[in-house]
Peer 1: 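Just passing along the structure, written as structure tokens.
Throughout, protein chains are lettered first and strands after them, A, B, ... in sequence-line order, and every chain is numbered starting at 1.
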Number of protein chains: 2
Amino acid sequence: MDIHHLKIFASVYKYKSFTRASEELHISQPTISEHIKNLENSLDCRLFDRLGRSIMPTAEAEVLYPKALQIIDDLELLQEEVTAASTMIKGKLVIGASTIPGTYILPGVAYSFKKQHPDVAFEILIEDSARITNMVLQHELLCGIVGARIVSDKLDYTPLIEDELVLVATPKVLNQKTITLEKLTNIPFLQRETGSGTRQTFENFLEKNNCTSQNFNIVATLGSTSAVKQAAKAGLGAAVISRMAVQEALDSRVLKEVRINNLKIRRNFYLVRQKKRTLPHQYLAFCLHLRKGC
Amino acid sequence: MDIHHLKIFASVYKYKSFTRASEELHISQPTISEHIKNLENSLDCRLFDRLGRSIMPTAEAEVLYPKALQIIDDLELLQEEVTAASTMIKGKLVIGASTIPGTYILPGVAYSFKKQHPDVAFEILIEDSARITNMVLQHELLCGIVGARIVSDKLDYTPLIEDELVLVATPKVLNQKTITLEKLTNIPFLQRETGSGTRQTFENFLEKNNCTSQNFNIVATLGSTSAVKQAAKAGLGAAVISRMAVQEALDSRVLKEVRINNLKIRRNFYLVRQKKRTLPHQYLAFCLHLRKGC
DNA sequence: AACCGTTATCGGTATTATCTATTTAACTGA
DNA sequence: TCAGTTAAATAGATAATACCGATAACGGTT
């Protein structure tokens, strides 16, 4: 017994006629006869008494009819709800982000998105780039915003916004406008943990300039951007930090920016997701919003 | 989209595997693939992301799954409820009956039936045999109990119990043990209306004895057995009435029985129903009970 | 690079849904 | 009572599709 049988039955019941039903459903009358016969066999009871020119529903048909209608309705509702799920922008949005985008980009973008689509609820998870990327790979997150790419043919990266890393320090630690890389290795230096996108970017920069962090005078390795910033403010050493994160400290002259070899350290933030996973509709909409809004 | 698709989808979702589902459903894996593809096309969305060795349900699948289970369940319930309708003895029992069976037979039989099957509710409609039979023909009643048969190839009659019609009168009207038909025609006579089974039976009796009610001295035609009985008691005339209806009056000597030509007027009560209508199960059970109990 | 486990695709077969034409049955009206 | 009408059942044929086995393609593992 499937839905098709029930639809045919319902139509026959409604019109009390095989022929009328066949007209409504655009199916030939013998086909209707056949289906009703099959339904009767599968339910092991007669559904209509054939009286010759007319038919009459049996007690079983009376029981079946309302329930059949209900199921037919439910099935239509089901289709609509699935369609709704793939067209409406609502539901949970769990976004992973590394420190800088999670702190200085996402809140604003999430706010403006929620203003347009009030039925979404954000959950923003902040971890370093490596951890976020790993969670995406493990299907623990559907997408993330990170400051470093790892090589993986499973992942799809979309560039979102450019950021600049700047060398900062208190005047006591470094009181000059520029510095060469060679000289920098002698300065007490603060760095992030290995998984950090900021660190990754800086190390790429060093490599490009034939250098490595092993030459540096590392006074501390710290687990977050703000920890590094606080340490730098305290005069513990110099550090390379996203401009976004230190703009305030630069404005208030607590920290000073020092150019390295007169170069800029640029990096991109990326939206990262698995190539093969289809994103729920609210995620797609948010990703679009992100690309426009950054 | 039909139930089969939903069942396959539910199994795939449950195992997160096309192959496991194919094993559970005893269908080949390519068939599963095909059905999921069809379902995806008909819903116009992807339901599982094929990640290579494994699959992951999409947001749409998450929406679909619980609702699909619900509908599958509902459909099974539906089957059970239809089966229940054709096996359980419960519900309304609308029985038509002519005066004598409706008054002297049905109440007792209905009572004993309801004791065995408390979930039935009787509705007993009393009209004369002709009207009851007509209502059966018009599908206004599913069955009736009547004292006269009409010729119709649509109707099915089952004999239930034998009854006897007796000529009764007050001693003032008729003070003798027997009477001949010829003499009876001179006696003031009370009769029922045309549709009455009692009258039909009596006229058949007259015809068999080469007589007709037109020869009779009809003082009144009355619309019910009890009206005729009351009129007879009042001494308005003689009447032919079911023995069941006048037993009390005979016992109390209010009325006296007079034999006609030393003959007995017998008749049967019949269960009447349309040959082509299938009776609901409680009706079938009651009809069986009737035949046993009479 | 070779090997597994999983899904997709292909080509063919079996089933069944559907059609038209016709028959059967019951009611209608002359 | 009998032709005419209407509706459902049946028969015979065809088209759609459900299903299968074999195998390719793909990702992950060794």
Peer 1: If I take atom CG in residue A:D2 and atom P in nucleotide D:dA18, what distance separates them, rounded to the nearest angstrom?
Peer 2: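 Distance, rounded to whole Å: 10 Å.
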
Peer 1: Check whether any side-chain nitrogen or oxygen of B:T31 sits under 4.0 Å from OP1 or OP2 of D:dC20, and answer yes or no.
Peer 2: yes

Peer 1: Is the count of non-hydrogen atoms from other residues, nucleotides or ligands lying under 6.0 Å from B:K92 atom NZ greater than 12?
Peer 2: no

Peer 1: Looking only at side-chain N and O atoms, does A:T19 come under 4.0 Å of OP1 or OP2 in D:dA8?
Peer 2: yes

Peer 1: Is there side-chain contact between B:C143 and B:Y283, with heavy atoms separated by less than 4.5 Å?
Peer 2: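 Yes, their side chains come closer than 4.5 Å.
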
Peer 1: Measure the CG-CZ distance between B:D163 and B:R267 for me, rounded to the nearest 0.5 Å.
Peer 2: 4.5 Å

Peer 1: To the nearest Å, how far apart are B:F48 CZ and C:dT6 P?
Peer 2: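 Nearest whole value for this atom pair: 16 Å.
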
Peer 1: Encode nucleotides 23-30 of chain D as B, S and - characters from 5' to 3', where the letter depends on protein heavy atoms closer than 4.0 Å: B to the base, S only to sugar-phosphate, - to neither.
Peer 2: ---SBB--

Peer 1: Find which nucleotide of DNA chain C each of A:H4 and B:S54 is nearest to by heavy atoms, and output the residue with the more 5' nucleotide.
Peer 2: B:S54

Peer 1: Side-chain N or O of B:H35 less than 4.0 angstrom from OP1 or OP2 on D:dT17?
Peer 2: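 Checking D:dT17 against B:H35, no side-chain N or O comes under 4.0 Å of OP1 or OP2.
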
Peer 1: Does anything in residues 5-16 of chain A reach DNA chain D, meaning a heavy atom under 4.0 Å, and if so which residues?
Peer 2: none

Peer 1: Between A:I32 (CD1) and D:dA8 (P), how many Å, whole number?
Peer 2: 10 Å

Peer 1: How long is the line joining CE of A:M56 and P of C:dA25, in whole Å?
Peer 2: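 So the two atoms are 22 Å apart, to the nearest Å.
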
Peer 1: Look up atom CD1 in B:I145 and atom CD1 in B:I100, then write down how far apart they are to the nearest 0.5 Å.
Peer 2: 12.5 Å

Peer 1: Any idea which heavy atoms bring B:L206 and B:S213 closest together, and the distance?
Peer 2: CD1-N, 3.6 Å

Peer 1: Can A:R46 and A:E60 be counted as an ion pair, charged N to O under 4.0 angstrom?
Peer 2: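 Looking at A:R46 and A:E60, the cut-off is not met.
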
Peer 1: Any idea which heavy atoms bring A:H281 and A:A85 closest together, and the distance?
Peer 2: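 So the minimum-distance heavy-atom pair works out to CB-O, 3.9 Å.
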
Peer 1: Thinking salt bridges, do B:R277 and A:D49 make one under a 4.0 Å N-O criterion?
Peer 2: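 Answer for the salt bridge query: yes.
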
Peer 1: Does OP1 or OP2 of C:dT24 have a side-chain N or O of A:R50 closer than 4.0 Å?
Peer 2: no

Peer 1: Do the side-chain N or O atoms of A:S28 get closer than 4.0 angstrom to the phosphate oxygens (OP1, OP2) of C:dC19?
Peer 2: yes

Peer 1: Check B:L78 against A:A68 and note the closest heavy-atom contact, atom names and distance.
Peer 2: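 Minimum heavy-atom separation between B:L78 and A:A68: CD1-N, 4.0 Å.
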
Peer 1: Atom CG of B:L25 and atom CD1 of B:I32: how far apart are they, to the nearest 0.5 Å?
Peer 2: 5.0 Å

Peer 1: Specify the separation, in whole Å, of atom CD1 of B:I27 and atom P of D:dG21.
Peer 2: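 Going from B:I27 (CD1) to D:dG21 (P), I get 12 Å.
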
Peer 1: Between B:R199 and B:E203, does any NZ, NE, NH1 or NH2 come within less than 4.0 Å of an OD or OE carboxylate oxygen?
Peer 2: yes

Peer 1: Take the protein atom CD1 of A:I55 and the nucleotide atom C1' of D:dT6, then report the distance between them rounded to whole Å.
Peer 2: 14 Å

Peer 1: Can A:E40 and A:K37 be counted as an ion pair, charged N to O under 4.0 angstrom?
Peer 2: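 Salt bridge between A:E40 and A:K37, a charged N being under 4.0 Å from a carboxylate O: no.
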
Peer 1: Note down the inter-axis angle between the two ends of the helix from C:dA1-D:dT30 to C:dA30-D:dT1, five pairs each, to the nearest 10°.
Peer 2: 20°

Peer 1: Taking only the side-chain nitrogens and oxygens of A:K37, find out if one of them lies under 4.0 Å from OP1 or OP2 of D:dT10.
Peer 2: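 Looking at the OP1 and OP2 atoms of D:dT10, one of them is under 4.0 Å from a side-chain N or O of A:K37.
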
Peer 1: Whole-Å distance between D:dG12 P and A:E34 CD?
Peer 2: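 Going from CD in A:E34 over to P in D:dG12 covers 14 Å.
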
Peer 1: Between B:L25 (CG) and D:dA18 (C1'), how many Å, whole number?
Peer 2: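 Distance check: B:L25 CG to D:dA18 C1' gives 14 Å.
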
